[in-house]
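Residue numbering restarts at 1 for every chain, and letters A, B, ... go by the order of the sequence lines.
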Amino acid sequence: MKIKSELSKIIEQALKSANIQADEIVISDATKPEFGDYQFNGIMRLAKELKRNPREIASEVVEHIDTTGMVSKVEVAGPGFINIWLNNEWLAEVTTEILEDKRVGVGFVEEPKRVVVDYSGPNMAKQMHVGHLRSTIIGDTLATLLEFLGDEVIRQNHIGDWGTQFGMLIAYLEEQNTDGNTQELKDLEQFYKDAKVRFDQSEAFANKAREYVVKIQSGDEHCLELWQSFINASLGHCEEVYEKLGVNLTRDDVRAESFYNDQLPQIIERLKEKNISTTSNGAECVFLEGDENPIIVQKSDGGFLYATTDLAALYFRANVLQAKRICYVVDARQAQHFKQVFTIAKMAGLVGEDVSLEHIGFGTMMDKGGKPFKTRDGGVIKLVDLLDEAVVRAKDAIKDRDVHSDEELDAVAKAIGIGAVKYADLSISRESNYIFNWDKMLSFEGNTSLYMQYAYARIQSILRKHNAEVSGEIIIGDEIEHRLAVMLLKFEDTLIKASIEATPHTITSYLYDLVTLFMKFYELNPILKEDIKEDIKMSRLQLSILTGAVIKKGLEILGIEVVEKI
RNA sequence: GCACUCAUAGCUCAGCUGGAUAGAGCAACGGUUUGCGGUACCGUAGGUCAGGGGUUCGAAUCCCUUUGAGUGUACCA
């Protein structure tokens, strides 16, 4: 339910009836329960423009508000706030209706857009490490969210498969194969290290590697074949990680750097034509106002750089894929790069003015000491290892609960462990760095996935215990049920906000508030006790079912599974 | 040097398109139980929102400035 926009309409109508002009009406959540459910704070500003007393205007507006439907009560408070209470009968009716709705009351965006979400972007020469985690899960959440709200999402996995190190890697791969050593590259990290050792030791090998770089780029069939087999194997490793993470990225979403290779000269031509770039010290450069250094788009030796590839990708996404919104889920440290590339793309007309280009930046993952997250000996932590450890730790956290068979325990541990890692990441506002802490993320307390999953499991337990059909309407019987119903209906506004700002943590905060409220409701209002009247019992069961459905849908958007028992 | 980001309770974090007495969790202390799953719930305590100035009826939020931390800065991605 788009509550805020409904309330805006009501206020707009009231203002009109009171003969007051206002451009934009912003409804906010009430800051406290005693101030109602929502509030409108715009009167003070209007009063200033009209040079009138704000309380006086507010009283006039309030008189014109219809309190027979959605709204039950409005009040003028403080200097001129308008506090709004939602009607219990209305809440009961709407929540009962959405019990039947698979989308739990969430509609679609009014104007669906085609959106490109660029995320994950692993480097094919290296194992995925923790640095890729944030891009992968924030991007995946954003894609899922936009899709759910009705946008047409095109996922793009811009993998790094081009560059000088590939000459070395395929030369080494060829050597391994001809030695009859057909074992596939199990450990990319090790393979890279071994190739590097060979490269440093043997001059002949090093020369071959350099030769291969040129050969791949000029389209030599043998080299391309080797290169392709290397990329395939490497991509296979990434897919294992995606599988573990439960991330929806497939080979169809891969559009590698190499894909844009042919188009790079045209990009340079275009920049030259439009007099955007100039030659400086032999390199083709774009000098932007406010930047002391240029953006180099072509090296003095004729080679291209990542800015060039990104420009080609922007052109492709805006013109071939026809996206109206392009989101780059990439480390915040690349903010300057994207700002520059976006500016150049618009200047050169590679991307239309109506296309929204967004760098969805995120902070770095830190250890407890606030230093970038590394292994004890200073190495990079492999993502696979991190995820496996999460599952082991999750199993340890729940093994004494004695509600699972051995097979169940493994599946539940997986849902909890992976969920914990994802939730911990998604629940921090994405731009800030965050401190990685196993104990905190696997706690039943606080804003963690486990707390949400536990609440969900408790709801399922109630339903199992009831073990009969649940029917009938939701009745709002007290303050806590009123607040719970309002919270349940806030789900759509929450998702809309999260989709516009690309902030998954908006969703986690909401879920946490919802679950906290549900726990209070559950403590206060017995459901299955014998002396509870049938219609009240049914209503409370329905509220529980709806809460469970919203938790499940919310976690699903975050890519986290629920379990029936914990 | 220049540019950008950040600074909120002991710790980890929300709140930032200006609105009422700045909120959570953890840790500390106290309470609730013949419990529909107590790894739950309730309460107490804890704040010069880094310092200073400005704009405003109103500032954690906007502007300026100082300090501190981090990041980026011509041929890697």
Are the side chain of A:His337 and the backbone of A:Gln334 linked by a donor-acceptor contact shorter than 3.5 Å? no

Under 4.0 Å: is that the gap between some side-chain N or O of A:Ser432 and OP1 or OP2 of B:A14? yes

By nearest-heavy-atom nucleotide on RNA chain B, the more 5' of A:Tyr512 and A:Ser429 is A:Ser429

Pick from A:Phe444, A:Phe518, A:Tyr512, A:Tyr423: which one makes a ring-ring contact (aromatic ring centres under 6.0 Å, His included) with A:Tyr451? A:Tyr512

Centroid separation under 6.0 Å, is that true for the rings of A:Tyr260 and A:Tyr315? no

Atom pair distance, as rounded to whole Å: CE in A:Met441 and P in B:C13: 12 Å

If I take atom CD1 in residue A:Ile462 and atom P in nucleotide B:G38, what distance separates them, rounded to the nearest angstrom? 10 Å

What is the distance, to the nearest angstrom, from the CZ atom on A:Phe518 to the P atom on B:C42? 14 Å

Identify the stems formed by RNA chain B, where each pair is Watson-Crick or G-U wobble with both distances under 3.5 angstrom and a stem is at least 3 consecutive pairs. B:1-7 with B:67-73, B:10-13 with B:23-26, B:28-32 with B:40-44, B:50-54 with B:62-66

Check whether any side-chain heavy atom of A:Phe40 sits under 4.5 Å from a side-chain heavy atom of A:Asn83, and report yes or no. no

Residue pairs involving residues 357-368 of chain A (criterion salt bridge (charged side-chain N to carboxylate O under 4.0 Å, His left out); sequence neighbours excluded): A:Arg325-A:Glu358

Taking atom C1' in both B:G72 and B:G18, what distance in whole Å separates the two? 31 Å

Between B:G19 and B:U61, how far is it from one P atom to the other, in whole Å? 11 Å

Please encode protein proximity along nucleotides 16-22 of chain B as a string of B, S and -, counting only heavy-atom distances under 4.0 Å. ---BBS-

Salt bridge between A:Asp513 and A:Arg483, side-chain N to carboxylate O under 4.0 Å? no

Report yes if the side chains of A:Glu257 and A:Tyr306 come closer than 4.5 Å at any heavy-atom pair, otherwise no. no

By centroid distance (under 5.5 Å) and plane angle (under 30°), are A:Tyr454 and B:U39 in a stacked arrangement? no

What is the distance from CG of A:Asn525 to P of B:C41, rounded to the nearest Å? 15 Å

Please state how far atom NZ in A:Lys520 lies from atom C1' in B:C36, giving the value in whole angstrom units. 20 Å

When the C1' atoms of B:A60 and B:C13 are compared, how many Å lie between them, rounded to an integer? 15 Å

Electrostatic pair A:Lys440:A:Glu445 at N-O distance under 4.0 angstrom: no

In whole Å, measure the gap between the C1' atoms of B:C16 and B:G38 for me. 38 Å

Does any non-hydrogen side-chain atom of A:Tyr456 lie less than 4.5 Å from one of A:Ile566? no

Expressed in whole Å, how much space separates the C1' atoms belonging to B:G52 and B:A59? 15 Å

Does the pair A:Lys490/A:Asp493 count as a salt bridge with the N-to-O cut at 4.0 Å? no

By nearest heavy atom, map A:Asp291 and A:Phe304 onto RNA chain B; which one lands nearer the 5' end? A:Asp291

Minimum heavy-atom separation for A:Ala47 and A:Ile57, please, with both atom names. CA-CD1, 3.6 Å

Integer-rounded Å distance: B:G15 C1' and A:Asp513 CG: 12 Å

With side chains defined as the heavy atoms from C-beta onward, is the minimum distance between A:Gln39 and A:Ile27 less than 4.5 Å? no

Same-atom distance (P) from B:A24 to B:A45, integer angstrom: 13 Å

Hey, which of A:Glu269, A:Glu284, A:Lys272 is the one that makes side chain to side chain donor-acceptor pair (under 3.5 Å) with A:Ser277? A:Glu284

In whole Å, measure the gap between the C1' atoms of B:A28 and B:A9 for me. 13 Å

From the candidates B:C57, B:C36, B:G38, the one with an atom nearest any side-chain atom of A:Lys48 is B:C57

Looking at A:Tyr451, I'd like to know whether one of its side-chain N or O atoms comes within less than 4.0 Å of OP1 or OP2 on B:C41. yes

Could you tell me how far B:G51 sits from B:U17 if I compare only their C1' atoms? Round to whole Å. 27 Å

What class does the angle between the rings of A:Phe230 and A:Phe166 fall in, given that below 30° is parallel, 30 to 60° is tilted and above 60° is perpendicular? perpendicular

OP1, OP2 of B:C13 versus side-chain N and O of A:His505: anything below 4.0 Å? no

Take atom CD1 of A:Ile566 and atom P of B:A40, then tell me their distance rounded to the nearest Å. 12 Å

So, A:Asp331 and A:Arg333, do they make that salt bridge, N to O below 4.0 Å? yes

Non-hydrogen side-chain atoms of A:Leu442 and A:Thr448 separated by less than 4.5 Å: no

All N/O contacts under 3.5 Å from nucleotides 26-34 of chain B to the protein, with atom names and distances to one decimal?
from: B:C26; atom 1: OP1; to: A:Glu445; atom 2: OE1; distance (Å): 3.3

Letter by letter from the 5' end, nucleotides 67-75 of chain B scores (B base, S sugar-phosphate only, - none; protein heavy atoms under 4.0 Å) ----SSBBB

Find every protein N or O atom lying less than 3.5 Å from an N or O atom of nucleotides 9-12 of chain B, and list the pairs.
from: B:U12; atom 1: O2'; to: A:Lys440; atom 2: NZ; distance (Å): 2.2

A:Lys529 near the nucleic acid: base, sugar-phosphate alone, or nothing, with a heavy-atom cut-off under 4.0 Å? nothing

Are any non-hydrogen side-chain atoms of A:Leu46 and A:Leu15 less than 4.5 angstrom apart? yes

Ion pair check, A:Asp118 and A:Arg317, cut-off under 4.0 Å: yes

How many whole angstroms separate atom CD of A:Glu431 from atom P of B:G15? 11 Å

